[in-house]
Protein chains: 2
Amino acid sequence: MSGHKLSSLAVDIRRVAAEAGVSIATVSRVLNNPGRVSPQTRERVLEIATRLGYRPNPNGKRLRKGRAETIGLVIPSPQGRFADSFFLELLAGLGEGLSDAGLDLLVATCPPGAEELACYRRLVEGKRVDGLVVARTRRYDERIAYLLEQNIPFVSHGRSDLISTPYPYLDVDGRQGFYMATQHLLHLGHRDIAYIGAPHELNFATHRLAGFQQAMLEASVPIRPEWLLEGDLSEKSGHQLAQSLLEPPELPTAILCANDLMALGVLRALRERGLRGGREVSVIGYDDIPQAQFSDPPLSTVHQPFRDTGKRLVEMLLARLGGAPVSALQEVWVPELVLRGSDGPPQT
Amino acid sequence: MSGHKLSSLAVDIRRVAAEAGVSIATVSRVLNNPGRVSPQTRERVLEIATRLGYRPNPNGKRLRKGRAETIGLVIPSPQGRFADSFFLELLAGLGEGLSDAGLDLLVATCPPGAEELACYRRLVEGKRVDGLVVARTRRYDERIAYLLEQNIPFVSHGRSDLISTPYPYLDVDGRQGFYMATQHLLHLGHRDIAYIGAPHELNFATHRLAGFQQAMLEASVPIRPEWLLEGDLSEKSGHQLAQSLLEPPELPTAILCANDLMALGVLRALRERGLRGGREVSVIGYDDIPQAQFSDPPLSTVHQPFRDTGKRLVEMLLARLGGAPVSALQEVWVPELVLRGSDGPPQT
DNA sequence: GTACGTGATGTAAACGTTTTCCATACCTTA
DNA sequence: TAAGGTATGGAAAACGTTTACATCACGTAC
């Protein structure tokens, strides 16, 4: 109304400085290094800055400081539809801490496969991000190798066992998770336990399988090779493999699935045969996705706290950007077995 | 080996210019305005630029051009877990077109509610984005109002009926979708149809309800007020409302749900009562989320092509950024009714 | 032969910050 | 009182681009 609209369009540091009768250096200091300026001027500049609604132009800042003030996440988008909201939860967890730290979150999506690395290249070589979080690690993860080689800060959600150089990671111990799950089944009296694993190139596939194997070994229960399957993590895949598993003559009394989606597929296969999950056949999944609560029967599974994980990942990344040593940034969390309705003692 | 590693660390436009024996202006022109430079030099500069692996520093460019070269998406993160992967699909759709256009995608997450607008403010007033896509529109959407007022380019996924100023949107016609769904139920012979709606502040809630009402009205079938419910879009909510609906004496023969998650909750409630969805009670949802294929019975629903939608949204936003008039950027798509197993003729 | 368009290039000024120096004034201390 | 530290603030140089403007050579039309 009284303010001249046009002149207010560009309120830069110069404008604030002029208005306050100080140099732009002082304004900058007030905002970035408040201790270096006297309380009176600081006060005045602050007052004027807020009155004018001054927001430092991030591009000026970024150029000057040589940083992107941005961290990146690349999401591989499946050909089909996203069935599992892992990345969404991760995003939610990341977002929180990041905006507090004044960092932006750059998300790139790309078809999985070869293009993925190109996507990382674009982000780091194009100086678009200061750091990255990588998720869904593979046993030998070329993304991690690349980032290490480029010496750019990153944190990994999940480890990459075949990479020997130390790097920061936060992993949830799938080995432990399935060790517990298997023990639970064994205690219930199961001996005929089938396993539907994840694609072996995924790092967690190995861990989860190892947990299963260890528990079986310790209990001296043999694992039948024909009951050791590998799915692609989709519902459909679980469904299909379960069908083969449920062919007579011999049925397993329990099926352990490397993720919930496949476990849900298994439950569906059971229903279709008139078998009831948790009665005739026990099923345990991994992840604790939201649908797990509502399946029929509700799915027993290993809970992964994706969102907390996301939060912690940004803390770690921030620490890394701040120069923390890698050795202080390696964490393995212990997951929690949550029992719902899909497990029970074997039918005799 | 032969190359000096340190000097290659910072390969900027100056370096390329020096190497090619031209001015930096020429290098810049080669990259941005190739026609303005002679074929020979263009060739030479190009060759050197690729040999050196030159990538223009985005911050220099952004500062100079006064653009962020980034578009924003803010995702409201629910208190609980994300159950529905709508935003992921949208992201996948957006990502594709954006990186082709050389734009980055900035994602912010925030708790829904008052902070949401603050999040938008931060992005636009902080000049962090050139444009935005807003999703999950409300009937009066203050985000749209704000963006219009700020005169910043954006595209909306879904309309906001109470905002009269024209703005670019891409909507899927929920009215039409539920008109078709209701007609289908009516043709099957249903008369006692219950409706579980979405929170009324959401814009699509009105549309979907209107489609239902219109079909019922045209068929002269009365809508029973006690069968007109409103849920919060969660599975739990659908489950709970279905329970109340299934109290005798009078049961609806069909239940229409404003989204799939609630419909899945309804199916669960039916199962718990020993009723079979599609037989005793028909259920139709909306969205066609991945789980819909695998529910028991598979859910009949109205398909929304989220990913295509995302793709188109970036095309529209790009057009908008390029100066296309709003009037050319308003689209309403017609959804598709996909019938699976959860609908059928009423039991008499 | 002069004037003039045209095409190709260079010069230099931005864009909005942060930060390194300096300069000044003041206070402390011997 | 001189010397030296300590706050405080300004001037100016970056950061890496793009682009308006100037320059220059060259052909062409009169």
Side-chain angles (χ1 to χ4, degrees), chain A residues 7-46 48-49 52-70 102-104 125-130, chain B residues 7-46 48-49 52-70 102-104 125-130:
Chain A
S7 66
S8 81
L9 271 187
V11 43
D12 60 355
I13 200 176
R14 238 170 293 272
R15 174 88 184 283
V16 178
E19 205 93 359
V22 297
S23 75
I24 62 170
T26 300
V27 177
S28 176
R29 277 190 283 253
V30 167
L31 267 42
N32 301 309
N33 207 351
R36 278 259 312 150
V37 60
S38 84
Q40 301 93 311
T41 39
R42 186 199 315 153
E43 207 59 29
R44 184 157 38 99
V45 168
L46 231 37
I48 292 191
L52 261 47
Y54 168 64
R55 314 266 203 136
N57 182 315
N59 293 327
K61 182 179 213 159
R62 295 201 250 245
L63 178 56
R64 171 61 225 233
K65 304 190 86 160
R67 300 211 208 92
E69 309 217 277
T70 298
L103 295 183
D104 287 341
E125 285 164 35
K127 294 201 192 323
R128 302 181 117 76
V129 299
D130 298 322
Chain B
S7 67
S8 81
L9 271 187
V11 44
D12 59 356
I13 199 175
R14 235 170 296 270
R15 174 88 185 283
V16 178
E19 205 93 359
V22 297
S23 74
I24 61 170
T26 299
V27 176
S28 176
R29 276 191 283 255
V30 167
L31 266 42
N32 301 309
N33 209 348
R36 286 248 317 139
V37 60
S38 85
Q40 302 92 311
T41 40
R42 187 198 316 152
E43 208 60 31
R44 184 159 38 98
V45 169
L46 232 37
I48 292 192
L52 262 46
Y54 169 64
R55 314 265 204 138
N57 181 316
N59 294 325
K61 181 179 214 158
R62 294 201 251 246
L63 177 58
R64 169 62 224 230
K65 304 191 87 159
R67 301 210 206 92
E69 308 216 279
T70 299
L103 294 183
D104 288 341
E125 286 163 35
K127 296 202 193 321
R128 303 180 116 75
V129 299
D130 299 323

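Listed for the B:R55 side chain is no donor-acceptor partner under 3.5 Å among the backbone atoms of A:K127.
Phosphate proximity of D:dG10 to A:T26: present, with a side-chain N or O under 4.0 Å from OP1 or OP2.
Spacing between atom CG of B:D12 and atom P of D:dT18 amounts to 12 Å, rounded to whole angstrom units. Rounded to an integer number of Å, the gap from B:I13 CD1 to D:dT17 C1' is 6 Å. Nucleotide C:dT19 holds its P atom 9 Å from the NZ atom of A:K61, rounded to whole Å. When rounded to the nearest whole Å, the span between CZ of A:R36 and P of C:dT19 equals 11 Å. To the nearest angstrom, P of C:dG16 lies 16 Å from CZ of B:R128. B:Q40 places its CD atom 12 Å from the C1' atom of C:dG7, with the value rounded to the nearest Å. Rounded to an integer number of Å, the gap from A:R62 CZ to C:dC15 P is 19 Å. What separates NZ of A:K127 from P of D:dC15 is a distance of 13 Å, to the nearest Å.
Comparing A:R67 and B:A25 along DNA chain C, the residue whose closest nucleotide (by nearest heavy atom) sits nearer the 5' end is B:A25. Between B:R14 and A:I24, it is A:I24 whose nearest contact on DNA chain D lies nearer the 5' terminus. Taking the nucleotide of DNA chain C with the nearest heavy atom to each of A:N59 and A:K65, the more 5' of the two is matched to A:N59.
Checking each of A:I24, A:V27, A:V22 against A:V16 for a side chain to side chain contact (heavy atoms under 4.5 Å, CB included) leaves exactly one that passes, namely A:V27. The only member of B:R62, B:R67, B:R128 that meets salt bridge (charged side-chain N to carboxylate O under 4.0 Å, His left out) when paired with B:D104 is B:R62.
When distances run from any side-chain atom of A:L63 to the nucleotides D:dT17, D:dG16, D:dG10, the shortest one goes to D:dG16. When each of D:dG9, C:dA12, D:dA13 is scored by its nearest atom to the side-chain atoms of A:R64, the top-ranked nucleotide is D:dA13. The side chain of A:S23 sits closest to D:dG10 out of D:dG16, D:dG10, C:dT17. Proximity note for B:V22 (side chain, C-beta onward) versus C:dG10, D:dT18, C:dT19: the nearest is C:dG10. Counting only heavy atoms from C-beta on, A:S28 has its side chain closest to C:dT18 among D:dG16, D:dG10, C:dT18.
In this structure, B:S38 reaches the sugar-phosphate backbone alone: every heavy-atom distance under 4.0 Å involves primed, P, OP1 or OP2 atoms, never a base. At a threshold of 4.0 angstrom between heavy atoms, the contacts of A:N32 are confined to the sugar-phosphate backbone, with no base atom among them. If you check every strand for non-hydrogen atoms under 4.0 Å, B:R29 touches a base.
Here A:R15 contributes atom CZ and A:D12 contributes atom CG; the two are 8.5 Å apart, rounded to the nearest 0.5 Å. Atoms CZ and OG1, from A:R42 and A:T26 in turn, are 12.5 Å apart once rounded to the nearest 0.5 Å. A distance of 12.5 Å separates CG in B:N59 from NZ in A:K61, rounded to the nearest 0.5 Å.
Rounded to 10 degrees, the angle between the two end axes of the helix from C:dG1-D:dC30 to C:dA30-D:dT1 is 60°, with five pairs used at each end.
Using a 4.0 Å cut-off between charged side-chain N and carboxylate O, A:D130 and A:K65 make no salt bridge.
Side-chain contact between A:V30 and A:L46 is present, with heavy atoms from C-beta onward closer than 4.5 Å.
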